[in-house]
Structure formats: C-alpha cells, structure tokens
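Some notes on the structure that comes next.
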Amino acid sequence: MPEFVLTTRTTTYAMAVDDAGLLRTVHWGGRIDDVSDLIPLPMWDLSTNDMYADIAAEEYPVHGRFRYKEQCLAVTFADGTREMRPVVTGSTELDDDDGRHLVLHLEDSEFGVTIDLHYVALHDLDLIERWAVIGNTGPEPFTIEAAASAQFHVPFQDLTFRNMHGMWAAELQEFSQQVSYGKIVVESRKGVSNHNHNPSFILDDGADETSGQVWFGALKYPGNFKAVVEQSQYGGTAVQIGINDYDFALRLVPGQSLRTPAVVAGYSDSGLGTMSHRMHAYGRDLMRPALRDVLYNSWEATSFDVTTANQTRLAQLAQRIGAELFVVDDGWFGRRGAEADGLGDWWVNRDKFPDGLTPLIDEVQQLGMRFGIWVEPEMVNPRADLYRDHPDWIHRDPVREPDTARDQYVLNLALPAVQEFVVEMLDDLLSTNDISYVKWDANRPMSQVGVDRSVWLAHARALIDVVARIKDRHPDVMIEACASGGGRIDLGTLSVFDDFWTSDNTDALDRLTIQRSYSLLYPIKAMRAWVTDSPNFLTQRSIPLKFRFHSAMMGTLGIGADLSHFSDEDLETSTQLVAQYKDVRETIQNGDFHRLSNPSPNDYRLFQYSRPEQSVLFAFLPSSRIGRRGTRARLRGLDPDARYRFYANWAWQQKSGAWLMHHGIDLWLMGDYASEIITVDRIGQP
Ligand code: DGJ
C-alpha cells in the first residue's frame, strides 16, 4: 500500500517511502484508482559507481551521500557540515478549499532542519500544486544555498522539452529540443522572470495538440528561476524547478523558515491542447473575473510627449471607436522629457498638465471611459530628486559605481523604506485621482545587488507584497504587469496583477507567433494586444488595418495607434471591429483556446476559442504563396450532436458539431495579410 497518493480528475501522483527510507516518486501519469498497485520497485546499487541513492527517483533530493544529480536542497550548517540526512517523520492533511492538501514532513534532527513538502490536488482543474517549506528548528543559524520548489520524475527518456526563448520585443518564441543524456537548463538571472526563457517546463513523448502524453509545470514566481531537465543514465527523466541558486544564499536563524514558490504541474494524455486548457483555467482562477476592457494606450502615438491637449484629442477618438479605458503611458510625471529624467519623482509635470491630471480624467470620464496611468515604481533616474535624497535606496555594490540601463537604477524593493515609499506613492496617486487602471512597468534587469545574496528573492517577494497591499487599499483598480513588454510573464506575477503587457513588439504578424507561444501556458484573458500604426515602428512592416485588428482581437484588445492620423474610413472600420470584439469577448477571454491544424500548404494560422454556447474561429494568411490554395478548419470542443449556425463562404450555414469537428469549414483567403473571423453559435441551449 503506497503511503501518499493524490488523485485529480484524470491523473494520479503517488509517492512512497522505500525500504532504504527514501521518499520516492512512484507514479505521475494517468489515473489509477486501485492504489494498492502503486508500490515502489525494489532497487539496489548497480555497481560501486552506480549507487542506489543516485538512481532512485526521489521527491526532494538533498545534498550529500551518493547523490550526484540535481539536488533540491543544499545548506551549510554553522560548523561547516553540508551533508543532510532527512527522514520522513509523518504527514498531515490540511483543510484546503482548493483541494486535498497533503504535507509530508521530513527532518534531519541532528542539525535541526525540517522539510515540509506540500502537495495540493486540484481535482477539477486536473493539476497539482507543490512547494516546500524549509525550517530551522536547531540552535544555530544555517545558510540555504539552493532550495527548489519540486523535482518531478517522468519514467521515459528521449522526450521533447519545450519552452520559450527570446529577447526584448521578440519574447515568447516557442522552441523545442530533444532531451538526451545530460541536462537542459532554462533560467533567469535578471531579477525578473525575463524575456529569455519562461519559468515553466513542458515535456512530451511526441505529443501534438490533441494526442500524446505531456508532463508540464509552471512556477508561481516573478524572480530568478531555474528549471533543469536531466535524463538519467539509468532511464527516466527528472525535471526540477524553483528559485535559481545562481548568486543565492539565505541565512535562516533558529525558528525561521523559507517557503519556496509553488509550482503548478499536470499530466495530459491528450496532447498540448488539454495542457493549455487546464493551465488557462488555473490562470483565470487567479485573476479577477471581470471581462477586460478594450483600452487605448498612448505610448506608440505620443511617446513621452503627453499633454492635456494631445491626450484629450486621442481620448475623444478612442471613445469614438469604442474604447472603454484610456491609459496615459510614460511621460506625465517629474521632469520626464525622455528616458533620463523623472523616474522616482511621481508628481504631475505641470508643463505638460498645467492643471494636473484632473481635467483630462474628467474629460475621459465624461466620454464614458475609465482612466488609467503608467508608472515604473521600482526604478529611479540618477537625476531624480528621489535619488538625490536616497542614494542608498538602489541595488548597488558597496564600493563600485552602479551601472545604469535606460538611464535608470533599480530601487531595492527589499528595503522596508522603499516598500513604504512605493505603497504610499501609489496610494496617494490613486486616492487623489480617479484612476481605474495602472500599467506597472520595469525596464531594466536587476544587477549589482551587493553583498546580500538573498536580495534577489527578497525583491521578488516584496514586489508581490507591495502590489497586494496597493490592491487592498484600492480593490477596484486593475494593475497591468509590464517589464519592457513581456519580461514578467509568469504565474507569480499573475497572482497579483490583472493583465500582462505581452510584448513591445506590436507587429500584427510577429504577434501571431508570440501569442501562440504565450497560449501554451498562460490565459488569453491576461494577454494584452494592441492595434498600432502601419508601418510598425519596430519591424517597419505595413499590414492592413483589418489584419492588425484581428491579430489584437486574439487577446484582450487594446488600441495603441495614433488615431489622429486615421482616416474617417479607418475610424469607421475600427469602430466596427471593436464592436465585433465586444460581441465575442466573453468567448475569447473565458473560452478554451485551440491551436488548430492547417492542412494546407499555404501558411494559414488557425485558432479557435470555444464555450458551450459559442466558438470563434480566427483564420490568418500572412502571404498567399500557392495560388488560391484554401484550407479547412476542423473545430474542436463542440457538442457533436448540437447544431451550430455561422456565416462562411458568403452564406449563412447550419451544421452539426460532428460536421464542424470531423469535416470542417473550407476557407479561401487570398493575397497578403488576409484574415477572417467566423463566429459559430450553438442553436439551442447547451
Ligand atoms: C516599455 C513598455 O513595454 C512600453 O509599452 C512603454 O510603456 C514604455 N516602456 C514606456 O517607457
């Protein structure tokens, strides 16, 4: 009889303590109800060079003994000892609204270390959550040098590993690579979860969107992370994820503990689509339920040159096309003329807004829209008053001159005084102005954090804490997470923020790639996408307005174009498309997302959103290459016996769910940047 089994709707996760006293993973995969079968295989040393402890699939391997693989926990005790010998001492079941919550207790009593491994079975979401709490119950302090959230074991090898790579304005580029003997590491060392990799893992054994086995997980943490995939010489694959141990050390005094960030993980035997549906549902549950507004953002139109006059003009045009929220981006505060000034001095710039923000806010509200504003609270310019008054508030080496990037330093949010400053500054801004939405930016990585190597962790934690405190005081304000675009796209950020600014790359074609990768793990409702000007400022590509709208309508729609240059015809087209978005946004923001297959040799991109009562199909053809070659969109997630109504190929049609899923809708798009949206409504109640 195994000792510890977690069951979700379709999966089982089982662990047991074996005869050697090691806590081993017994099963992570499809659901097994007869738990009496879940017993750990007997194991033994394979040779004097291949010892048992190195072969066993341990739940939370610690440093020491014959362990040579990635460890979850490494500490140095007061006397210099580094080897740990924890044993399982018991388990506890906690009451938890989210699902069954099991805690396994391990202890190294000789040195006073406790390790509590937490597991929550999210039954209906078909996911599990794991984290660890490391405690010091001894008489002396010790130093934690590595503390991962979890290690998982997949009993197969030569799997495919998938993640997202990228850089500024090219983040969220899905890549995959074959796992083989050795390790794959993805990580962040920049203080934010960053543009270069995502704090998540996806492993599959040849899965596609609808079939095959997938093991996946994402870390709920906005700071430095590390995920390591390691294929063992003894068979099997381990994956470990958690706080990055790069430049990390945390001293725990007696009585203190460290709770690692949670990792949300799951297993799908029906491919990547099922993985995305579960992770999207999890992400949406973290978020406030309200549908997200169609917003207008001023950044690409007016850059730093925001004034009452030009913002009022843009607000009037934004309202005309149907925007519900008007956001003034960078430039409204301090002596902000360009990048080098203003950050830290969060008073309204009177040259640009002589009577403060109130006249603009009043105008926006009279137009029937809500008002939003941009801030970058973790940063300061060297020329700002704030820096003059508090040079010791930034991350810096005690002796060396600190570096700037974008002419700015990073405030050390781990300092209580900085936390108070940020909370009070935003509280004051939100209390003295009727602001419904805040875009919280962060435009450079952390660096030169000084002597205390726990600061990376403390900054990330303080960020979550500070945002939560601001939301406590202003519960109706939505806060968008931006870090030079998509530098902070992770579940930790989503646990307090309400939206992600997905990327500074607003090119509608590039966005299709970025948004597709994003959709692997993160909810569409949080994926902000704007319609911007053509040619695009970044790619210099010219794309027709309809395609730009359709691409942005795939997420939470925003408009970032300079509407004062739009013709009446463009404004009219925009008005119609915003209205169309509002008609289907419930399905887009809350529905299941499907990355459909394209059977055509032409480069169609097909996506579908589904709720029981409605599906929305998006079809894009960036460039028609082979004459009039069409495609066929086979939908997913419909009721095969229900009837559906839709307009396609110049006619209203009614078809069964089975026809739509197994036969599909033929589509012929022509030319360059062709796109179409088809709404498929169920006839009758679901
Ligand atoms: C980077 C963001 O990603 C942009 O959208 C914009 O807000 C600028 N910063 C403003 O400085």
Side-chain angles (χ1 to χ4, degrees), residues 166-172 190-196 222 295-307 310-311 314 318 325-346 349 352 371-381 383-384 404-411 429 435 437-445 478-490 493 497-508 510-511 514-515 518 526-533 536-539 552 555-562:
M167 53 181 279
W168 172 75
E171 58 274 73
L172 298 166
K190 294 184 169 175
V192 287
S193 49
N194 98 27
H195 304 80
N196 309 135
L295 66 71
Y296 180 86
N297 179 293
S298 66
W299 175 244
E300 286 198 26
T302 44
S303 181
F304 298 103
D305 300 325
V306 287
T307 62
N310 66 19
Q311 298 305 291
L314 286 171
L325 168 67
F326 184 82
V327 183
V328 175
D329 208 279
D330 200 346
W332 61 269
F333 53 90
R335 290 179 289 274
R336 190 79 161 166
E339 294 173 352
D341 280 303
L343 295 175
D345 297 340
W346 298 106
N349 181 308
K352 300 179 181 185
F371 183 79
I373 202 150
W374 178 98
V375 287
E376 196 174 1
E378 295 155 87
M379 305 289 163
V380 66
N381 290 118
R383 296 210 299 234
T404 55
R406 211 193 195 216
D407 278 315
Q408 62 199 55
Y409 299 133
V410 186
L411 291 173
L429 184 66
I435 293 173
Y437 190 89
V438 171
K439 178 176 171 188
W440 181 304
D441 206 343
N443 281 300
R444 58 154 288 180
M478 295 261 185
I479 307 187
E480 174 180 5
C482 171
S484 290
R488 250 183 197 153
I489 292 186
D490 61 80
T493 299
F497 287 88
D498 300 285
D499 276 338
F500 291 126
W501 176 226
T502 317
S503 175
D504 276 350
N505 186 335
T506 54
D507 177 287
D510 282 1
R511 268 304 185 101
I514 290 170
Q515 294 173 178
Y518 169 100
M527 185 176 82
R528 274 283 165 200
W530 304 343
V531 177
T532 55
D533 287 315
N536 183 269
F537 86 98
L538 185 81
T539 62
T556 52
L557 177 63
I559 292 97
D562 186 350

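Only this structure's heavy atoms are used, side chains among them; waters, hydrogens and symmetry mates stay out. Both counts, for ligands and for their atoms, begin at 1 and track the order of listing.
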| message | Walk me through whether F333 and W374 qualify under ring-ring contact (aromatic ring centres under 6.0 Å, His included). | response | CA-CA 10 Å; F333 53 90; W374 178 98; 5.8 Å; yes
A student checking ligand 1 against C482 at a 4.0 Å heavy-atom cut-off should list atoms 2 (C), 3 (O)
for atom 9 (N) of ligand 1, nearest protein heavy atom and its distance come out as D441 OD2, 2.7 Å
* Should the pair W299 and F304 be assigned to parallel (<30°), tilted (30 to 60°) or perpendicular (>60°) ring geometry? -> perpendicular
Counting from 1 in the order shown, the ligand 1 atoms closer than 4.0 Å to a non-hydrogen atom of W501 are 3 (O), 5 (O)
Under 4.0 Å from one or more heavy atoms of N443, ligand 1 contributes atoms 1 (C), 9 (N)
Any heavy atom of N297 under 4.0 Å from ligand 1? The part involved is neither
A student checking ligand 1 against D330 at a 4.0 Å heavy-atom cut-off should list atoms 10 (C), 11 (O)
The protein heavy atom nearest to atom 7 (O) of ligand 1 is D329 OD1, 2.7 Å
Show every donor-acceptor pair shorter than 3.5 Å between a side-chain atom in residues 480-487 and any protein atom, with sequence neighbours excluded, or say none if there are none.
residue : atom : partner : partner atom : Å
E480    : OE1  : Y437    : OH           : 2.9
S484    : OG   : N443    : OD1          : 2.7

TODO: On the 0 to 90° scale, with breaks at 30° and 60°, tag the Y518-F500 ring pair as parallel, tilted or perpendicular.
DONE: perpendicular
Counting from 1 in the order shown, the ligand 1 atoms closer than 4.0 Å to a non-hydrogen atom of G485 are 3 (O)
inquiry  = Could you tell me if R511 sits above the aromatic ring of W501, with its cationic atom closer than 6.0 Å to the ring centre and no more than 45 degrees from the axis?
reply    = yes
Exercise for review: Ignoring angles and geometry beyond distance, decide whether R336 reaches within less than 3.5 Å of ligand 1 through its nitrogen or oxygen atoms.
Suggested key: no
**Prompt:** Do NZ/NE/NH1/NH2 and the carboxylate oxygens of R383 and E339 come within less than 4.0 Å?
**Reply:** no
Logged contact type for K439 with ligand 1, heavy-atom cut-off 4.0 Å, is side chain
In ligand 1, the atoms that come under 4.0 Å of a heavy atom of S484 are 3 (O)
*Would you call D499 and R528 a salt bridge, using N to O less than 4.0 angstrom?*
yes
The answer for which part of R406 has a heavy atom under 4.0 Å from ligand 1 is side chain
>> Is there a side chain to side chain donor-acceptor pair (under 3.5 Å) between D329 and N297? Walk through the geometry before answering.
In response: CA-CA 6 Å; D329 208 279; N297 179 293; 2.9 Å; yes
Those residues at least two apart in sequence (or on a different chain) that pass ring pair (Phe, Tyr, Trp, His ring centres under 6.0 Å) with F371 are none
Atom 4 (C) of ligand 1 sits nearest the protein heavy atom D504 OD1, 3.4 Å
